[in-house]
Amino acid sequence: MGAGPAGLLLGQLLHKEGVDTLILERRSAQYVAGRVRAGVLEPGTVGVLERAGVAGRLRAEGLTHDGVEIGFRGRRHRIALKALTGKSVTVYGQTEVTRDLMEARAAAGAPSFYEVEDVQLHEITGARPRVTYRHAGSTHEVDCDFIAGCDGFHGVSRRSIPAAALSICERVYPFGWLGVLADVPPPWEELIYANSERGFALASLRSPTRVRCYLQCSLEDRVEQWSDGQFWDEFRLRMGEEIGARVQTAPSLEKSFAPLRSFVAEPLRYGRLFLAGDAAHIVPPTGAKGLNLAVSDVHYLYEALCGFYGEASERSLAEYSDRALRRIWRAERFSWWMTRQLHRFPGDEFDARLQQTELEYLFESQTAQANLAENYVGLPL
Ligand code: APR
Ligand code: PHB
């Protein structure tokens with residue numbers, strides 16, 4: 001279920017093992033391919049994409065980053081990812097990952113149906129689950145061994161599990177991110193996560209000629225209220241003088257608002273339905289874990305399914321949820337921690353002083369920097 005990165009990647013990995021898959025997607029292929037999302041890949045993610053045979057363009061065009069910067073009170077501090085962990089991250093947009101996966105699936109001749117409606121899951125707890133859907137005016141039915149619920153936060157899969165069988169943990173943050181994509185060369189070499197008095201801002205990039213920038217803003221803010229000019233003025237102020245003076249601006253190619261949330265539904269299995277990616281969990285984007293976590297779930301689910309087909313045993317399927325959740329909760333912790341330290345929160349002076357203390361400690365302690373770096377480059381799969 002779903003042709004986001006999770007569904008497409010699982011399909012590709014299974015195709016290579018000779019397991020047949022069918023992908024059902026609610027949106028059009030054009031919409032899926034055009035969505036702008038994050039763009040930082042952990043080395044473990046790159047490894048899984050390699051295994052799926054879709055890392056050619058990523059290897060050629062992805063940018064290797066050996067560090068990230070944290071800004072606070074007008075000063076910037078570098079976290080030396082490579083020196084601290086031996087690992088780097090790769091800047092390569094999720095939009096590009098999706099395109100590579102869609103092309104690989106088309107080349108493999110594996111079936112995907114876009115713009116499907118009224119998707120329903122049946123007999124999930126039996127040995128032969130079924131899915132019904134409407135496509136191009138007619139109703140279809142598929143029976144299958146397993147259903148992989150990769151249909152995102154608003155998908156049908158998680159909602160098909162009885163409420164009593166799921167435990168939900170959630171934290172909603174009192175702000176969102178406004179993001180802009182623009183064709184200008186980035187005047188920063190590495191990503192800058194800035195905690196400024198005016199709120200958080202992130203300077204990211206997609207290529208040597210394209211930037212992706214974000215501002216913390218109020219949940220009441222609407223995209224239309226922010227002209228490009230206002231966005232760049234505020235971005236300059238939050239980035240501080242040195243970067244601010246060097247930022248070139250251009251009309252936005254895309255501008256969107258996203259509220260921040262932490263969410264985990266567990267377990268990830270109900271009968272023959274397995275949840276993976278945003279269908280099961282959401283992290284706030286501070287730390288860039290969303291896509292990487294979807295990929296690690298898929299890696300575990302792929303191994304579980306290979307175990308089932310290879311050894312004719314249910315053991316690996318039974319282990320999937322716990323295995324994936326261990327890593328999910330660690331990424332939830334890290335994303336919550338990054339969000340907590342870098343944004344302006346309503347709260348009292350005690351909260352503000354703790355945040356300041358946490359950041360000052362980070363800038364002075366190699367151990368604290370190693371902790372951030374270890375999580376940023378991604379915990380082992
Ligand atoms: N039937 C079929 N498809 C559906 C349905 C449905 N009822 N509901 C949703 N979908 C589709 C969505 O249109 C979307 O294309 O499922 C797909 C889910 O994709 P993503 O939301 O990208 O989720 P996932 O593949 O888990 O990728 C996680 O993407 O959302 C970002 O921040 C997230 O980076 C992370 C990554
Ligand atoms: C992005 O480039 O879109 C991006 C990068 C890092 C993040 C979030 C988003 O933490």
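These values consider heavy atoms only, across backbone and side chains, with no hydrogens, waters or symmetry-generated copies. All values derive from a computational prediction rather than experimental measurement. Just so you know, ligand 1 is whichever comes first in the structure, and atom 1 is the first atom listed for that ligand.
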Looking only at distances, please establish whether an N/O atom of ligand 2 is found under 3.5 Å from an N/O atom of [X].
X	result
Ala288	yes
Arg212	no
Tyr376	no
Val40	no

How are the rings of Phe308 and Phe146 set to each other: parallel, tilted or perpendicular (split at 30° and 60°)?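 Geometry flag for Phe146 against Phe308: perpendicular rings.
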Can you establish whether the number of heavy atoms outside Arg246 located under 6.0 Å from its atom CZ is more than 12?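 Enclosed.
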Do you see a donor-acceptor pair shorter than 3.5 Å between the side chains of [X] and [Y]?
X	Y	answer
Ser28	Gln30	no
Arg171	Tyr173	no
Ser112	Arg105	yes

Looking only at protein heavy atoms, identify the closest one to [atom] and say how far it is in Å.
atom	result
atom 19 (O) of ligand 1	Gly4 CA, 3.3 Å
atom 2 (O) of ligand 2	Ser204 OG, 2.6 Å
atom 26 (O) of ligand 1	Asp278 N, 2.9 Å
atom 8 (C) of ligand 2	Pro285 O, 3.4 Å

Using heavy atoms and a threshold below 4.0 Å, how should the contact between Asp151 and ligand 1 be classified: side chain, backbone, both, or neither?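 Asp151 to ligand 1: contacts from backbone and side chain alike.
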Quick check on contacts: which atoms of ligand 1 are under 4.0 angstrom from a heavy atom of [X]?
X	result
Arg27	13 (O)
Gly155	8 (N), 9 (C)
Leu291	34 (O), 35 (C)

Could I get the full list of salt bridge (Lys or Arg N to Asp or Glu O under 4.0 Å) partners for Arg76, not counting sequence neighbours?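 For Arg76 the salt bridge (Lys or Arg N to Asp or Glu O under 4.0 Å) partners, ignoring immediate neighbours, are Glu69, Glu242.
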Heavy atom of Ala38 under 4.0 Å from ligand 1?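 No heavy atom of Ala38 comes that close to ligand 1.
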Is the charged tip of Arg158 near the ring of Phe153: under 6.0 Å from the six-membered ring centre and within 45° of its axis?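 The answer is yes, since Arg158 meets both limits relative to Phe153.
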Could you check which of Tyr92, Tyr193, Tyr214 puts a non-hydrogen atom nearest to atom 4 (C) of ligand 2?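 It is Tyr214 that holds the nearest heavy atom.
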Looking at non-hydrogen atoms alone, which of Ala29, Cys150, Gly2 comes nearest to atom 18 (C) of ligand 1?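 Looking at heavy atoms only, the winner is Cys150.
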Thr90 side-chain N/O to Tyr92 backbone N/O, donor-acceptor pair under 3.5 Å: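 Not at all, since once roles are kept as given, no pair shorter than 3.5 Å links the two residues.
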Less than 4.0 angstrom from a charged side-chain N to a carboxylate O is my criterion; do Lys82 and Glu190 meet it?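 No, this pair does not count.
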Hey, is ligand 1 close enough to Ala6 that some N/O pair sits below 3.5 Å?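 Yes.
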Using the side chain to side chain donor-acceptor pair (under 3.5 Å) rule, pick out the option among His343, Arg344, Arg73 that qualifies with Asn195.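 Only one option passes, and that is Arg344.
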